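Have a look at the structure below before the remarks.
All values derive from a computational prediction rather than experimental measurement. Residue numbers begin at 1 in each chain, while the letters A, B, ... track the order of the sequences.
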Amino acid sequence: MSKLVLVDGHSILNRAFYGVPLFTNSEGLHTNAVFGFLNILFKLIDDEKPDYLAIAFDVHQPTFRHEMFKDYKGTRKPMLPELREQVPVIKELLHKMNITTIELPGFEADDVIGTMSKIGEDAGMDVCVFSGDRDLLQLASDKVMICIPKTKKGQTTVEKYKTEEVKELYKVTPVEFIDVKALMGDSSDNIPGVPGIGEKGATNIIEQFGSIENAYEHAEEISNKRNKTALLEHYDMAQMSKVLATINRKSPVETKIEDCVFEDIYTADALDMIKHLEFKSMIPRFSGVTLENKYEDSFVKISQPDKAEELFNNLKSADKIGLYIYGNNDITGISICKEDDAVYFLPVFGLITKEYLIFHIRDIVNSNCIISVANIKENNDIFNKTILENDENSNLFDVEIAAYLINPLSNTYLYDDIARDYLGITLPSMEEIFPKVKKGEVSPYEIEENVINYCCYNALVNYKAYDVLKSKLIETDMWDVYSNIEIPLTYALYSMEKCGIMIKPEELKEYGNRLNGDIKILEKEIYDEAGHDFNINSPKQLGEILFGEMGLPGGKKTKTGYSTSASVLEKLEPEYPFVRKILEYRQLTKLKSTYADGLAVYIGDDSRIHGKFNQTITATGRISSTEPNLQNIPVRMALGREIRKVFVPKDDCVFLDADYSQIELRILAHMSDDENLIEAYRESKDIHAATASLVFHVPLDEVTKTQRSNAKAVNFGIVYGISSFGLSQDLSISKKEAEKYIDDYFKSYPGIKNYLDNSVKEAKEKGYSTTMFGRRRPIPELKAGNFMQRQFGERVAMNSPIQGTAADIMKIAMINVERELRKNNLKSRIVLQVHDELLVETYKDEISTVQDILVKNMEGAANLHVPLDVDVKEGNNWDEAH
DNA sequence: CCGATCACG
DNA sequence: ACGTACGTGATCGGC
């Protein structure tokens with residue numbers, strides 16, 4: 001059966017325009033809507049495979065179904081110039097693609113589509129109608145499907161409606177839907193509707209009577225009194241609205257369905273235009289031969305031992321290869337790229353054993369050949385390198401780390417991302433190579449051709465990206481950060497992950513049980529207070545109970561309802577002591593689910609947790625911790641801190657915990673060169689008290705507790721990129737007072753004010769900020785038109801050099817500690833890093849040596865104008881040592 | 001799959 | 001007039 005697809009051109013273009021961020025080609029022509037339109041069009045073509053395709057456009061924008069109602073009420077918003085200029089562009093492109101467009105003077109695109117769909121339906125065709133809004137739902141039938149594309153997070157999904165789906169959603173048939181719309185009205189379509197009848201009422205009436213006319217005749221039976229009088233009083237209005245709402249299915253369209261044959265759309269003319277528009281990712285589609293196939297043709301599978309032997313022999317003379325190792329924990333195959341058009345896949349099979357492949361990989365690792373891979377840390381079980389063998393001459397290159405340094409804001413650094421961003425080529429993503437399994441089909445991961453392509457793309461990109469990424473690192477002055485910090489660090493992180501940290505599982509379990517008892521008690525007390533059971537963990541339900549049923553005051557916030565955050569509840573606590581129970585309940589359930597239960601899942605057979613330490617996540621250069629997050633284990637509250645007692649050293653060991661004292665403020669002192677702050681640190685003053693003394697103009701020994709803690713909050717605020725509002729929130733004071741604090745702070749430390757202003761200025765000029773060691777963070781927000789975003793960018797510009805430099809210093813310290821431990825053949829190991837803290841599982845006979853190593857390397861990691869102060873403590877669990 | 005909440009630095 | 005402190009990750013409920 002043949003299929004006819006009809007598209008509402010303006011409505012899709014409109015949707016594309018608002019769904020895709022504004023951008024232009026190099027001539028300054030806006031192209032985002034055209035781009036989005038094409039993406040929807042391609043999805044439509046791939047999914048529906050039309051035999052006939054036509055795209056209908058309104059002749060004028062805005063247009064109205066009936067001239068006489070033109071000025072009925074208001075007018076449509078005029079089209080933005082950025083969108084208007086794209087209308088002729090898409091029409092020209094469609095013309096070049098041999099796609100039929102229809103414009104009918106005096107009629108809307110809706111009418112054209114209504115007419116064409118009727119003709120197609122009557123001819124027994126399957127019809128699909130694509131539109132950005134729901135106006136066309138009345139056309140739905142068992143043969144006509146209305147499709148509404150939605151762009152979410154770059155992915156377009158399509159909602160599809162036939163008769164059944166319309167009934168399900170609106171409780172009326174598509175034809176009845178006209179009457180619903182006529183009753184309720186639609187301001188965007190200038191349909192007045194009946195005043196007093198809304199969506200609910202309209203649906204009820206039509207559900208019961210089937211049409212406006214029938215409802216009018218049986219008006220006495222309308223149960224809702226308001227609706228009844230409204231309909232009787234405004235029946236003329238309802239009838240007029242119905243005329244307006246009805247799509248004309250007999251308009252004088254001259255185009256015949258046969259004129260809309262869908263074929264030969266990827267023409268040479270269209271390709272030229274795509275190039276002119278600079279839609280690089282679409283070029284493959286238009287040039288007929290896809291780039292993918294070009295590469296896939298050069299992927300070679302090697303499964304014969306003699307061929308494998310020959311390949312490895314050949315590699316002895318190579319000076320650079322791209323490598324990809326396939327398999328989760330167990331290697332099941334590898335890909336090697338040694339030239340642009342020579343990519344090999346070697347599955348583990350027969351005589352080509354895992355051991356054989358590992359042997360040869362290590363052989364290359366130990367040669368001078370550069371091996372470009374995507375994640376050294378994840379593959380180091382095979383490379384088997386330690387930090388001692390890795391300096392700036394390392395022959396292992398990590399494209400993921402390189403790409404992260406160049407743009408730390410990206411979410412993923414997968415082969416297709418790198419190919420797109422640095423090689424200018426579009427490759428199929430992992431999801432495209434391994435599409436979601438359909439029921440009863442063989443898993444795409446078991447189809448060897450998919451696996452070969454996936455592995456070879458990885459190896460190919462690793463190979464080709466090496467030169468580009470290395471030049472970029474050198475260009476951006478980040479080669480030092482890359483080779484002296486990140487690459488050695490990756491081995492330190494590998495060592496930490498491999499080592500893991502020991503947990504006492506029984507004690508963790510007991511802790512969980514203890515919490516559970518208390519939770520049950522609190523739960524009951526809360527239900528009693530509320531009068532009934534509900535889900536305390538649901539902010540929605542909790543909000544309704546507190547502010548609705550129980551009538552607690554104020555408390556409005558957030559889009560979805562009442563805010564029930566701790567800061568809101570704490571304000572209520574003095575007057576309503578019962579909310580304390582909610583806060584306690586929250587605390588306990590958090591501890592139970594995230595920590596007691598959450599951590600238990602990760603304990604391995606060796607009684608240790610081997611969490612991941614991620615190197616390519618944060619914008620500032622910090623390390624992140626996942627599966628589980630070991631960097632947010634409770635410490636501030638006594639009950640939470642208990643958890644740290646189950647983190648223990650193994651036999652014959654203790655924990656040494658070393659942390660930097662106020663590293664960020666010291667970095668601020670150094671970078672700003674502020675005399676007062678530097679002097680305070682050089683004289684080992686209590687820095688918060690010293691700040692209080694300066695800001696509040698009191699002698700150092702007369703600073704009160706409150707003054708000191710306020711000054712501490714200001715110090716934090718400065719590091720975060722101070723704002724008077726933020727500070728006022730933190731200290732629960734007025735914005736005015738906060739402003740005064742900040743003002744006085746800057747008067748006390750003029751060097752800091754100067755430095756922060758300069759940080760912002762420099763970041764604005766360059767588009768990024770830089771740490772002491774040259775690490776960069778782009779700040780696109782500084783160029784934003786939106787005031788708030790720009791303000792955010794300014795705070796980021798103040799904070800990231802500080803936070804980033806602290807991260808750099810800690811990384812350097814870790815590298816040097818790790819090196820010295822290994823160089824001296826010590827068995828003690830770093831097990832955790834928590835931003836300014838290192839936890840070392842230390843053998844008892846190595847305690848004093850390790851302590852010295854920690855202090856020396858952490859304090860000596862950077863040479864600042866103020867001393868770096870490190871505090872080391874010893875303990876038999878993490879709590880004791882901290 | 002997103003937003004709210006809360007744990008850490 | 002707006003509506004905000006910087007950087008993370010896990011869990012939960014609800015759409």
Side-chain angles (χ1 to χ4, degrees), chain A residues 152-153 155 157 408-409 534-543 557-569 582-583 585-599 601-602 611-614 617-637 639-641 643-644 659-660 662-664 668 713-731 735 738 742 759 769 777 779 781 786-804 806-807 810 832-837 882:
Chain A
K152 240 193 202 170
K153 288 198 140 192
Q155 285 289 311
T157 53
L409 301 185
F534 66 101
N535 190 340
I536 311 170
N537 280 321
S538 160
K540 188 163 174 255
Q541 294 182 32
L542 180 63
K557 261 188 179 178
T558 76
K559 290 112 189 125
T560 50
Y562 301 108
S563 167
T564 65
S565 70
S567 65
V568 171
L569 297 190
I582 308 248
L583 288 164
Y585 175 88
R586 282 243 179 100
Q587 262 186 0
L588 298 192
T589 51
K590 177 94 178 174
L591 292 173
K592 176 84 163 71
S593 64
T594 305
Y595 300 103
D597 299 345
L599 288 175
V601 177
Y602 291 97
K612 289 186 175 169
F613 289 93
N614 313 295
I617 299 288
T618 70
T620 53
R622 275 188 177 180
I623 287 162
S624 104
S625 162
T626 51
E627 299 172 59
N629 183 351
L630 295 171
Q631 291 179 322
N632 73 344
I633 304 298
V635 67
R636 292 170 192 168
M637 310 285 277
L639 182 64
R641 198 158 56 229
I643 295 184
R644 293 184 170 225
D659 72 308
Y660 281 113
Q662 296 160 348
I663 185 168
E664 290 186 341
L668 176 65
V714 178
N715 276 327
F716 268 98
I718 294 291
V719 171
Y720 291 157
I722 195 93
S723 83
S724 52
F725 180 87
L727 182 66
S728 72
Q729 286 292 298
D730 191 46
L731 289 177
K735 217 175 104 178
I742 295 167
S759 293
S769 58
R777 163 170 185 171
I779 313 179
E781 292 89 347
N786 179 309
F787 174 76
M788 228 188 63
Q789 281 188 32
R790 222 168 38 241
Q791 192 102 3
F792 172 76
E794 290 178 10
R795 290 196 296 272
V796 166
M798 296 188 243
N799 170 267
S800 41
I802 301 171
Q803 191 183 122
M810 179 49 116
L832 291 182
Q833 187 257 36
V834 194
H835 309 307
D836 63 357
E837 167 190 5
H882 191 66

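- On the P atoms, B/dT5 is 13 Å away from C/dA5, given to the nearest whole Å.
- The nucleotide whose nearest atom lies closest to any side-chain atom of A/S593 is, among B/dA7, C/dC12, B/dT5, C/dC12.
- For the OP1/OP2 pair of C/dG14 and a distance below 4.0 Å, the side-chain nitrogens and oxygens of A/Q541 include at least one atom meeting the criterion.
- Between A/S624 and C/dG9 there is a side-chain polar atom (N or O) within less than 4.0 angstrom of OP1 or OP2.
- Taking side-chain N and O atoms only, A/S728 has no distance below 4.0 Å to OP1 or OP2 of C/dT4.
- OP1 or OP2 of C/dG7 has not a single side-chain nitrogen or oxygen of A/R795 nearer than 4.0 Å.
- Between C/dA1 and B/dC6, the distance separating the two P atoms is 32 Å to the nearest Å.
- Side-chain N or O atoms of A/R644 include one that pairs as donor or acceptor with a backbone N or O of A/P634 at under 3.5 Å.
- Going from atom CZ of A/R586 over to atom C1' of C/dA10 covers 16 Å, rounded to whole Å.
- Counting non-hydrogen atoms under 4.0 angstrom, A/G717 reaches a base of the nucleic acid.
- Remark: A/F716 CZ is loosely packed, at most 12 non-hydrogen atoms of other residues, nucleotides or ligands lying under 6.0 Å away.
- Across all strands shown, the partner of C/dT8 is B/dA7, judged by Watson-Crick or G-U wobble contacts whose two distances both fall under 3.5 Å.
- You'll find that the side chain of A/N629 is closest to C/dA10, out of B/dC8, C/dA10, C/dC6.
- Checking the phosphate oxygens (OP1, OP2) of B/dT5, a side-chain nitrogen or oxygen of A/T564 falls inside 4.0 Å.
- In this model, the phosphate group of B/dC8 is not approached by any side-chain N or O of A/S625 to a distance below 4.0 Å at OP1 or OP2.
- Rounded to whole angstrom, the span from the CG atom of A/L569 across to the C1' atom of B/dA4 amounts to 12 Å.
- Taking 4.0 angstrom as the limit, A/N535 places a side-chain polar atom (N or O) nearer than this to OP1 or OP2 of C/dG13.
- Distances shown here put every side-chain N or O of A/K590 at or beyond 4.0 Å from the OP1 or OP2 atom of C/dC12.
- The base of B/dG9 lies close enough to the side chain of A/R636 for a donor and an acceptor atom to sit less than 3.5 Å apart.
- Looking at A/S624 and A/T618, their side chains never bring a donor and an acceptor atom within 3.5 Å of each other.
- The interatomic distance linking A/E781 (CD) with C/dA5 (C1') rounds to 15 Å, in whole Å.
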